[in-house]
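Structure, as C-alpha cells:
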Amino acid sequence: MFGWFRNKSIKRLRLMLASIKARDYSLHFNEQNLRGEELKLAYEINDTISEFRDTSRRIESQYGYLEALLNRSNTYLIVADDLGEVDWMSEAAIKGLCGFKIEKLKQLSVLNETLVQELESLSAGQQKLVSLMIKGTMVEWSISMTRYNRHGMDMKLFSIEDVQSVLRQNEVDAQKKLVRVLTHEIMNSLSPIISLSDTLNHSIEEGDIDKTDLQMALQAIYRRSQGLLNFVESFRKVSRVSQPQKEWVVLNDIINDLQQLFPNPAITFVVEDGTENILVDQSQMEQVLINLIKNAVEACNETPRPHIVVKTYSDRPNNRFYIEISDNGPGMPPDVAEQIFVPFFTTKSTGSGIGLSICRQIISMHGGRISVESKEGEGTTFKLMLNNY
C-alpha cells in the first residue's frame, strides 16, 4: 500500500515538474475522493501550479505593457544575441528600416554595409554618431548598445535614433517658445499704449486735461513705442543672419585674436593643435566665441575664484572639430538651460536675449551643433561641434 502511494506521488510530482518546465500551467489534479496525505499532496501541487500560472500572467502582462511602451517610441530598437540572431524589433524599427522583421543583424546590410559594422563594433553603453547613405539619402543616426541578461542568455539591445528628426522636433518646440515670448513682449508694450491712448481720448473729449499731463502721456506712449520698435529691430537681427562665407582658417589666428580681446588671467586656453585648419567663416566664428566667453565671464562675476576654460580638440576619423567653453560659475537650473537658445529669453536685467540665439543660428548654418550642460552650483559648459569638411 505504501509503495503504491509513493509511486503515485512520485508520478504526480514528475507531472508537476514537467508542466513547470514546459510552462504549461493547465495541470490540475482532482481533489475529490482523495484523503489524508494524498489529498494534501494534490492540494499543494495544485496550489503551486496556480502560483506559477498567476506569476506567469503577471509577467506576460508587464512584458506586454513594456512592449507597447517601446513600440510607441520613434527610436529604432533591436534585440539580438551575441551571434547576431534578432529576437525582437520595435514597430518603428520594422517600418523605418527594412519594412519587415529581420532574422539576423547582418540583413541590415541591404540598407548600408557600414551600419552593420558600426552596430557590431559597439561596446556596452557606447554611443556613436554615424553619417550613412540610406535609400539614397544621407542620414545622421545616433546608435548605441546596451547588454542585459534574459533567462541566463546575454542579449544586446541596439538603439538607432534619427538625429535630424530630434533636431526638427527641437526646432518646433523652439518656435512655440518663440511665439510665446513674442506675444508676451508685444502685449507688454501695446497694452499700456492702448490704455493710455484711450484715457487721453476721453480726457480731450471732456476738455479735462492740461498741457503738462498731455505731454507726459505722449512721452510715455513714445517710450513704449520706441521700446517696441527696438524689439522688432532685434527680431530682424535674429532672422537676418547672413550665410557664412567659409574658408580654411588656421586655428591659432582665431585663438590669438581671442587672447588679445580677453587678457583675463581667469581664462585658460587649452588648444590641442593650434596649427590645425578649420573650415569656418572667421568673423562669424569669432562673434560666437566672443559672445560665449563674455557670458562665461559675466557668469563668474560673483565667483570667488573664477576659472574659464576655452578648449579645442578634433575627432579626425569623423572629420569633426570641437570647441568647449566652461566656467565655474553658479550654473543654471534645468528650466533655464533648456530655454537659453530661444530668442529674447534672458535672465539678465539688461540683456536682449538674442545673443545665444544668433550663436545657434551661426553654428547651425556652419552645419554644426551647439549644446549646453549646466548644473546649479557646478558651472556651465557650452560645446560647439563643427563638421570640418
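Quick note: residue numbers are just sequence positions, from 1.
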Between Leu129 and Trp141, does a side chain to side chain contact (heavy atoms under 4.5 Å, CB included) hold up when you go through it step by step? CA-CA 6 Å; Leu129 278 175; Trp141 282 347; over 6 Å; no
Heavy-atom neighbours of [X] [atom1] exceed 12 at 6.0 Å:
{"X": "Lys128", "atom1": "NZ", "answer": "yes"}
{"X": "Lys101", "atom1": "NZ", "answer": "yes"}
{"X": "Phe52", "atom1": "CZ", "answer": "no"}

Less than 4.5 Å apart, side chain to side chain, heavy atoms only: is that true for [X] and [Y]?
{"X": "Val130", "Y": "Thr114", "answer": "no"}
{"X": "Leu105", "Y": "Lys156", "answer": "no"}
{"X": "Met155", "Y": "Arg147", "answer": "no"}
{"X": "Asn295", "Y": "Leu356", "answer": "yes"}
{"X": "Ile363", "Y": "Met285", "answer": "yes"}
{"X": "Met145", "Y": "Ser159", "answer": "no"}
{"X": "Asp273", "Y": "Ser314", "answer": "no"}
{"X": "Leu77", "Y": "Phe158", "answer": "no"}

Check step by step if salt bridge (Lys or Arg N to Asp or Glu O under 4.0 Å) holds for Glu140 and Arg369. CA-CA 13 Å; Glu140 188 167 20; Arg369 290 196 305 274; 3.8 Å; yes
Give a yes-or-no answer on whether the side chains of [X] and [Y] include a donor-acceptor pair shorter than 3.5 Å.
{"X": "Gln282", "Y": "Glu286", "answer": "yes"}
{"X": "Ser144", "Y": "Gln126", "answer": "no"}
{"X": "Asp281", "Y": "Ser283", "answer": "no"}

Walk me through whether Glu44 and Lys40 qualify under salt bridge (Lys or Arg N to Asp or Glu O under 4.0 Å). CA-CA 6 Å; Glu44 289 174 2; Lys40 287 181 182 178; over 6 Å; no
With a 4.5 Å cut-off on side-chain heavy-atom distances among I, L, V, M, F, W and Y, is there a chain of contacts connecting [X] to [Y]?
{"X": "Leu83", "Y": "Ile102", "value": "no"}
{"X": "Val250", "Y": "Tyr313", "value": "no"}
{"X": "Ile94", "Y": "Val86", "value": "yes"}
{"X": "Phe382", "Y": "Val309", "value": "no"}
{"X": "Leu292", "Y": "Ile278", "value": "yes"}

Apply the test side chain to side chain contact (heavy atoms under 4.5 Å, CB included) to residues Ile267 and Val297: give CA-CA distance (whole Å), side-chain angles for both, the deciding distance (0.1 Å), then the verdict. CA-CA 9 Å; Ile267 302 175; Val297 171; 4.0 Å; yes
With Thr146, which residues qualify under side-chain hydrogen bond (donor to acceptor under 3.5 Å, both in side chains), at least two apart? none
Indicate yes or no for a side-chain donor-acceptor contact from [X] to the backbone of [Y] under 3.5 Å, with no hydrogens or angles considered.
{"X": "Gln107", "Y": "Glu103", "result": "yes"}
{"X": "Asn256", "Y": "Asn252", "result": "yes"}
{"X": "Asn319", "Y": "Asn387", "result": "no"}
{"X": "Ser121", "Y": "Gln117", "result": "yes"}
{"X": "Asn301", "Y": "Glu298", "result": "yes"}
{"X": "Ser374", "Y": "Gly331", "result": "no"}
{"X": "Asn328", "Y": "Arg305", "result": "yes"}

Is the closest basic N to carboxylate O distance between Arg316 and Glu276 below 4.0 Å? yes
Hey, is Glu373 close enough to Lys383 for a salt bridge, meaning N to O under 4.0 Å?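 Looking at Glu373 and Lys383, the cut-off is not met.
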The test is side chain to side chain contact (heavy atoms under 4.5 Å, CB included); show your working for Thr268 and His307 and say whether it passes. CA-CA 8 Å; Thr268 302; His307 188 210; 3.4 Å; yes
Within 45° of the six-membered ring axis of Phe269 and under 6.0 Å from that ring's centre, is NZ or CZ of Lys311 located there? no
